[in-house]
Trainee: 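Below: one structure in structure tokens.
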Amino acid sequence: MNPPSDDNSPTVQKPLMTVTEKDAYKEKIIAFVNPKSGGLQGQVVFEQLRIQIGEENVYDLVKDHGPQRGLKENQYQKNLRIIACGGDGTVGWVLSALDVSQMQYIDFVSVGVIPLGTGNDMARFLGLGVGYRGESLAPAIQSLASSETRLLDRWQIDVQPTAHTGIASLKIPQPVFNNYLSFGADAQIALDFHEKRNASPRRYANRIFNKLAYGCISCNTFFDRQYLFGNIANFFELHVDGRNMDEDLFRFRPDAILILNIASYAAGTNPWQGAYDNLWCAQSQSDDDRFREQSCSDGYLEIIGFKHFELARIRLGRRGHRIAQGNEIKLTIRRDLPMEIDGEPFLLGPCQITITRKNQARMIITERSQAAQQIQSKRV
């Protein structure tokens, strides 16, 4: 799709201007666009938004080196609605910038998404689409201007060295997560794919090729002894709200661990609520009564284990093994392990990790979204 022309034809402006003029005295809408997201789509979205909500309300995250300029220019706006245009990483970028901003009415700032990434789990969870495909943005912005909001827990990750750290890297992509943190087989697959794509970006510009490549890497990881027979259970120790989970881990011996905040993982699946798989989950079915209902605003995280062969089944709507729910997670990592935070894979050395709730953000949702179906807790 070519970028829209710069003429002021009514066919381009009319659908949106009806919305923005009507709501101008209630909310102000601004957009942060990551032009690098979604190939050339980020630039197309940037040009469309400049025409439809005004050049002064659209900010280029790369050119501006982040959202700070746009937030400073709007720090005294009441009922500000922000559109983050990009993948899950872009959403996290904007939310983290809000943490350190001087927004006078921060409790009334809400954030929505126009998804341009690959997995787009946050946008899926909020009911804001699975990915931009070149369609008109007028309906999306109309929805973002008028939809309800929902509180979202955000989680702080504190990493500390241990006696086994040595010279290993303890650098993480970001100290806060909004979607999930995972480690083990799934993170290894994501890390291998990430490294190959960075080495040959042109080769990995096609989505169909990417899916095939991801499948091949997944098969290769299946034969890695580190991720067979639950061997990663020997490499870490897990405490949830002060309770040692070793007994559960060594009984089920997962190949991957997922710490989940929202009901969307791996491009839209929910392994906490999925269908039971008799090969793995049947033993946990009778334990469902001991778990609280899943919510993104209750101050609890869901912890799920997978066998390697389950990773493909999870994408088909199956459920992982429910390990625990908690509001303080402690991990002692004994050796280098691949990890993933909100879609960003990396390798982390031996360390002590503590996860606690940082704050809450107000997110724009649609009435049919998974977020709308969950019980909402009050702001903390």
Trainee: Verify whether the ring centers belonging to Tyr76 and Tyr105 lie closer than 6.0 Å.
Mentor: no

Trainee: So does Arg334 pair up with Glu237, basic N to acidic O under 4.0 Å?
Mentor: yes

Trainee: Do Asn179 and Asn261 have a side chain donor and acceptor closer than 3.5 Å?
Mentor: no

Trainee: Among Phe46, Trp93, Phe32, which one satisfies ring pair (Phe, Tyr, Trp, His ring centres under 6.0 Å) with Tyr59?
Mentor: Phe32

Trainee: Indicate whether the side chain of Arg362 and that of Thr149 have a donor and an acceptor atom separated by less than 3.5 Å.
Mentor: yes

Trainee: Thinking salt bridges, do Asp158 and Lys330 make one under a 4.0 Å N-O criterion?
Mentor: no

Trainee: Quick one about Lys28 and Asn74 (side-chain donor to acceptor, distance below 3.5 Å, no hydrogens or angles considered), yes or no?
Mentor: yes

Trainee: Closer than 4.0 angstrom, basic N to acidic O: yes or no for Asp99 and Arg154?
Mentor: yes

Trainee: Please state whether the rings of Phe306 and Tyr265 are parallel, tilted or perpendicular, taking 30° and 60° as the class boundaries.
Mentor: parallel

Trainee: Should Asp298 and Arg292 count as an ion pair when the cut-off is N to O under 4.0 Å?
Mentor: yes

Trainee: Go through it in stages, so that I can follow the logic: the residues are Val109 and Gln75, the test is side chain to side chain contact (heavy atoms under 4.5 Å, CB included), and I'd like the CA-CA distance, side-chain angles, deciding distance and then a yes or no.
Mentor: CA-CA 10 Å; Val109 174; Gln75 62 182 328; over 6 Å; no

Trainee: If you count the non-hydrogen atoms of other residues, nucleotides and ligands that lie under 6.0 Å from CD in Glu247, is the total more than 12?
Mentor: no

Trainee: Between Phe291 and Trp272, is the gap from one ring center to the other below 6.0 Å?
Mentor: yes

